[in-house]
Amino acid sequence: MHKKVLIGVAWPYVNGELHIGHLAGYLLPADICARYHRSIGNQVLMVSGSDCFGTPITLEADKRKITPDEVVKDYHQKDTHLFREILDLSYDLYTLTNHPNHIKVTQDFFIKMLEGGYLFIDKTKQYYSPTQNRFLPDRYVVGECPFCGTEDTRSDQCDSCGKLISHGELLHPRSNLTGEDVEFKDTEHYFVDWPKLQPRIEKYVETAGRNWKDWVNNETLGWLKEGLKPRAITRDLDWGVPIPVDRIPQDLLIENANSKRIYVWFDAVIGYFSASLLWATINEGKWEDFWFGENLKHYYFMGKDNLVFHTLFWPGQLMVYNSELHLPDVVSINMFLNLDGKQFSKSRGVVLKIEDIVEKYGNDLVRFYLTLIMPETRDSSFVWSDLYEKVNGVLVANLGNFIHRTLSLYKGQKLAKTNEINEVTTSAIRNAFRKSRDFLESCQYRNYLDSVLELTAYGNLLVDKHKVWELKKTNTEEFEEVMTQLLGVVVAIGYLINPLLPEGSSRLSNYTGLRGFDKWPEDGKEIETINPLIKEIIVSDGLKPLFTKLDKTQDTF
RNA sequence: CGCGGGGUGGAGGAAUGGCACCUCGUCAGGCUCAUAAUCUGAAGGUCCCGGUUCGAAUCCGGGCCCCGCAACCA
């Protein structure tokens, strides 16, 4: 019974370059998930794109003296190249939020919320420049700190004394664009009435939360217990999804609606849905298959800062838009990856670009190490010396070497047709598949990797225990018997590493002359599938170690 | 006292109040098919202070530190 699996990957914000924290936190987990589900025969739709709107983009544009649109194009092109050409991430569609399709769908969501009575109009105070005749985002305003009197401090926190400055407390606010004084003035905005939606969201969390990690569930329940508060959905900006003014009745229209935009927190998550529609248009696929009915599973991947937008707000938006739509099942949220214990930060020079490390070490090595240290339950650290230790000590010495020593011993031989995998090996292989399936299904990738490594350890032990290199010379019958077990493990590993290490898996299929490991055996039929395959193995003359050691002395980082 | 998450050998991770476990590294020994690979064994640990308990990594109180919500950054 195959499933339809939607994989929503967080939309990278296009105001800067991506680093390996993004890769370890959500890009890689999502890709492993997609590859796994395809390998067990499920139909997968994996979508994401560039998150284009919001103040940080306009700031970046001002800094570089180009338009926001140019900033978006620049980074979108870079990210797309990185994902497609370098990382080979298996997106079915990677689009962007300033695509006309997304803008229209976002406006549809907005209208549905308005019609459903889940939006209301209220006033907030914002900085306003009379000379420019426009409202300014907080980030464009500087002034005097009300606590220590420092001049030219930011509007939200004092650079000098570090205290947080509440909205409106800043003294003598000025525009940092023109230097002129600004006013603090009322402005009308739409607010989402979350308290009104809370009961429905609570009901959803009650069941869906069981699929989440404990800390994700707890944090979400904490927000609900506190009580959801109305949240402004629009901003005084000119960069964002326009308010669909001509579709709003006059009495529900806010003042100066044309100079306001729907804010980024509301529109970005809608991308999962709008991208599904766009994918269907481009590929003549049926998006409805992935969003309505039974036998669906929806995964979402993101960093911890994005939590409530996916466990509370996005489900809320979906249920208002159409109560039949499938809501998120697994919301897989990772903590942050640090670099040598420090947070990534451009200004502090804590930077590690994805393409730099991937070009140097290759995808599989990076995928392996990042999975090993994946910040699944708490922040973790990328440490250079640890990369060498883990790659050389685990991936190369344990997994790669097991494959290589086995195939080296077997090279030039052929098994008799009667050889079969024995009981002990059967249970080792079945166990590895069962655990891998469970862990992959629930996005526990470190545990999945562990269960694969357990199987290679079993293989290594077998070689040693039976002194296979001696048997090869002294006892052909027993040699074949043990070799049958070893080759069974090799084939199993070929399948098992496929979602995680696609390049290694594909090299292994070349070395063994087998057709490829991208379609896993049916659940429970692993041994029946593998038994005939091992007799087809002909070790290629071009056999080389599956993974090679890193030479620390050659490194320049 | 704004809300929330977290602190376990050198590194990364487990542990319904019940013998602190796993992987890597280190050290000692074995093996030589394999990439100085592999196999066996050993040393080394619950952030601090107090409390509850026959028994605490776990529960309670107090502290210290890191992180998210919330600047450049996920």
Side-chain angles (χ1 to χ4, degrees), chain A residues 10-13 15-27 51 55-56 59-60 63 138-139 154-159 164 213-216 218-223 225-226 301-309 333-338 341-348 350-351 369 372-383 385-398 400-411 446-447 449-450 453-454 456-457 459-473 486 543-550:
Chain A
W11 294 53
Y13 207 55
N15 68 333
E17 291 189 23
L18 299 169
H19 52 70
I20 52 161
H22 298 92
L23 186 55
Y26 61 93
L27 300 170
D51 185 357
T55 317
L59 282 171
E60 171 85 3
K63 208 168 80 188
D138 289 6
R139 293 289 308 279
R154 287 193 318 254
S155 63
D156 57 346
Q157 185 175 6
C158 176
D159 297 317
L164 294 176
K213 289 172 201 160
D214 285 347
W215 71 267
V216 172
N218 288 340
E219 170 101 19
T220 305
L221 292 172
W223 276 67
K225 199 176 152 201
E226 191 86 349
F301 292 88
M302 76 222 66
K304 62 177 164 179
D305 55 331
N306 244 322
L307 190 144
V308 291
F309 295 105
I333 306 184
N334 280 333
M335 299 291 197
F336 289 167
L337 181 73
N338 295 324
K342 288 181 293 238
Q343 268 200 44
F344 285 98
S345 160
K346 271 182 224 161
S347 57
R348 283 195 291 268
V350 186
V351 178
Y369 181 61
L372 204 67
I373 62 168
M374 204 169 266
E376 290 178 339
T377 52
R378 72 183 72 145
D379 291 356
S380 66
S381 253
F382 181 104
V383 179
S385 56
D386 191 54
L387 168 82
Y388 291 103
E389 279 174 10
K390 292 305 187 317
V391 167
N392 289 348
V394 182
L395 180 68
V396 177
N398 192 314
N401 184 55
F402 165 70
I403 304 278
H404 191 241
R405 71 196 297 212
T406 302
L407 295 183
S408 298
L409 281 163
Y410 185 61
K411 200 170 175 181
R446 283 190 330 236
N447 285 336
L449 177 54
D450 272 350
L453 293 171
E454 236 172 75
T456 67
N460 274 323
L461 188 55
L462 217 55
V463 177
D464 249 67
K465 205 170 81 184
H466 292 280
K467 294 189 192 295
V468 179
W469 58 93
E470 264 181 42
L471 291 180
K472 188 174 178 180
K473 297 172 200 153
L486 295 175
L543 176 68
K544 278 189 286 199
L546 200 57
F547 301 105
T548 46
K549 284 210 167 192
L550 296 177

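Residue numbers start from 1 in every chain, and the chains themselves are labelled A, B, ... in the order their sequence lines are given, proteins ahead of strands.
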Q.
Quick check for you: among B:C69, B:C24, B:A34, whose closest atom lies nearest to any side-chain atom of A:Trp223?
A. B:C69

Q: Nearest whole angstrom, please: distance from the P of B:A70 to the CZ of A:Phe336.
A: 11 Å

Q) If we take the C1' atom in both B:G9 and B:U46, what is their distance in whole Å? A) 10 Å

Q. To the nearest angstrom, how far is A:Lys549 atom NZ from B:C24 atom C1'?
A. 12 Å

Q.
If we ignore hydrogens and angles and just use 3.5 Å, is the side chain of A:Ser380 paired with the main-chain N or O of A:Leu337 as donor and acceptor?
A. no

Q: Please state the C1' separation for the pair B:A43 and B:G25 - nearest whole angstrom.
A: 13 Å

Q: Determine the contact category for A:Val463: base if any of its heavy atoms lies under 4.0 Å from a base atom, sugar-phosphate if only primed atoms, P, OP1 or OP2 are that close, otherwise nothing.
A: base

Q: With heavy atoms under 4.0 Å as the rule, sort A:Asn338 into base, sugar-phosphate or nothing.
A: nothing

(Q) Regarding A:Arg446, tell me which of base, sugar-phosphate or nothing describes its non-hydrogen contacts under 4.0 Å with the strands shown. (A) sugar-phosphate

Q) RNA chain B: A:Asp450 or A:Pro12, which has the more 5' nearest nucleotide? A) A:Asp450

Q) On a whole-Å scale, what distance lies between the P atoms belonging to B:A42 and B:C47? A) 25 Å

Q: Please tell me which of the listed nucleotides, B:A37, B:C67, B:U38, lies nearest to the side chain of A:Asp464?
A: B:U38

(Q) Could you tell me how far apart A:Tyr369 (OH) and B:G12 (P) are, to the nearest whole angstrom? (A) 9 Å

Q) Expressed as a whole number of Å, how far does the P atom of B:C19 sit from that of B:A11? A) 25 Å

Q) What nucleotide, of B:C72, B:G6, B:A11, holds the atom closest to the side chain of A:Asp386? A) B:A11

Q. In terms of side-chain heavy atoms of A:Asn460, which of B:G68, B:C31, B:C39 is nearest?
A. B:C39

Q) From the list B:C67, B:C24, B:C39, which nucleotide is the closest neighbour of the side chain of A:Lys304? A) B:C67

Q. Taking the nucleotide of RNA chain B with the closest heavy atom to each, which residue, A:Leu372 or A:Ser408, is nearer the 5' end?
A. A:Leu372

Q: Using a heavy-atom cut-off of under 4.0 Å over every strand shown, decide if A:Phe547 touches base, sugar-phosphate, or nothing.
A: base

(Q) Which label fits A:Phe382 and A:Tyr369: parallel for a plane angle under 30°, tilted from 30 to 60°, or perpendicular past 60°? (A) perpendicular

Q) Does the ring of A:Trp469 lie flat against the base of B:C33, closer than 5.5 Å centre to centre with planes under 30°? A) yes

Q: May I ask you to say what A:Leu18 touches in the nucleic acid, namely base, sugar-phosphate or nothing, with a heavy-atom cut-off under 4.0 Å?
A: nothing

**Q.** Under 3.5 Å on both distances, the Watson-Crick or G-U partner of B:C73
**A.** none

Q: Check the distance between B:U35's C1' and A:Lys411's NZ and give it to me in whole angstrom.
A: 15 Å

Q | A:Leu461 CG to B:G30 C1', straight-line distance once rounded to whole Å | A | 14 Å

Q) How about A:Lys411: does its NZ atom have over 12 heavy atoms from other parts shown lying under 6.0 Å from it? A) yes

Q: Check the pair A:Asn334, A:Lys213 against side chain to side chain donor-acceptor pair (under 3.5 Å), reporting the backbone distance first and the verdict last.
A: CA-CA 10 Å; A:Asn334 280 333; A:Lys213 289 172 201 160; 3.0 Å; yes

Q | N or O in side chain of A:Asn15 less than 4.0 angstrom from B:C73 OP1/OP2 | A | yes

Q) What is the ring orientation for A:His19 with A:His22, classed by angle as parallel under 30°, tilted 30 to 60°, or perpendicular over 60°? A) tilted

Q) If you check every side-chain atom of A:His404, which of B:C33, B:U35, B:G5 has the closest atom? A) B:U35

Q. Can you tell me the Watson-Crick or wobble partner of B:C3, both distances under 3.5 angstrom?
A. B:G68

(Q) Counting only side-chain heavy atoms from C-beta out, which of B:U38, B:C67, B:A11 sits nearest to A:Asp379? (A) B:C67

**Q.** Proximal nucleotide (of B:G5, B:U32, B:C73) relative to the A:Glu470 side chain
**A.** B:U32

Q. Does B:G68 have OP1 or OP2 sitting under 4.0 Å from an N or O in the side chain of A:Gln343?
A. yes

Q. Of the nucleotides B:U23, B:A14, B:A37, which has the atom closest to the A:Val394 side chain?
A. B:U23

Q: Using only side-chain N and O atoms of A:Arg405, determine if any of them is under 4.0 Å from OP1 or OP2 of B:U38.
A: no

Q: Starting from the C-alpha separation in whole Å, work towards a yes-or-no answer on side-chain contact (heavy atoms from CB on, under 4.5 Å) for A:Ile373 and A:Asp386.
A: CA-CA 10 Å; A:Ile373 62 168; A:Asp386 191 54; 4.1 Å; yes

Q) Just by distance, with hydrogens left out, do A:Thr456 and A:Asn398 show a side-chain donor and acceptor under 3.5 Å apart? A) yes

(Q) Side-chain N or O of A:Arg378 versus OP1/OP2 of B:A14: is the shortest distance under 4.0 Å? (A) yes

Q.
In whole Å, measure the gap between the P atoms of B:C49 and B:A57 for me.
A. 13 Å

Q) How is A:Leu546 classified with respect to the nucleic acid when contacts are heavy atoms under 4.0 Å: base, sugar-phosphate, or nothing? A) base

Q) How far, in whole Å, is B:U38 from B:C59 if one measures between their C1' atoms? A) 46 Å

**Q.** Separation of B:G13 P from A:Glu376 CD (nearest whole Å)
**A.** 9 Å

Q. Taking the P atom of each, how far is B:G17 from B:G7, in whole Å?
A. 16 Å

Q | P spacing across the pair B:G55 / B:G13, given as an integer number of angstrom | A | 33 Å

Q) Tell me: CD1 of A:Ile403 to P of B:U35, nearest whole Å? A) 14 Å

Q) Using purine N1 to pyrimidine N3 plus N6-O4 or O6-N4 for Watson-Crick, or N1-O2 and O6-N3 for G-U wobble, each under 3.5 Å, what pairs with B:G50? A) B:C60

Q) If pairing requires Watson-Crick or G-U wobble contacts with both distances under 3.5 Å, which nucleotide is the partner of B:G25? A) none

Q) What is the distance from CG of A:Leu453 to C1' of B:G13, rounded to the nearest Å? A) 13 Å

Q | Side chain A:Asp379, main chain A:Phe336, donor-acceptor under 3.5 Å | A | yes

Q: Would you indicate what A:Thr377 reaches in the nucleic acid, counting non-hydrogen atoms under 4.0 angstrom: base, sugar-phosphate, or nothing?
A: sugar-phosphate

Q) Between the main-chain N or O of A:Ile333 and the side-chain N or O of A:Lys304, is there a donor-acceptor pair closer than 3.5 Å? A) no

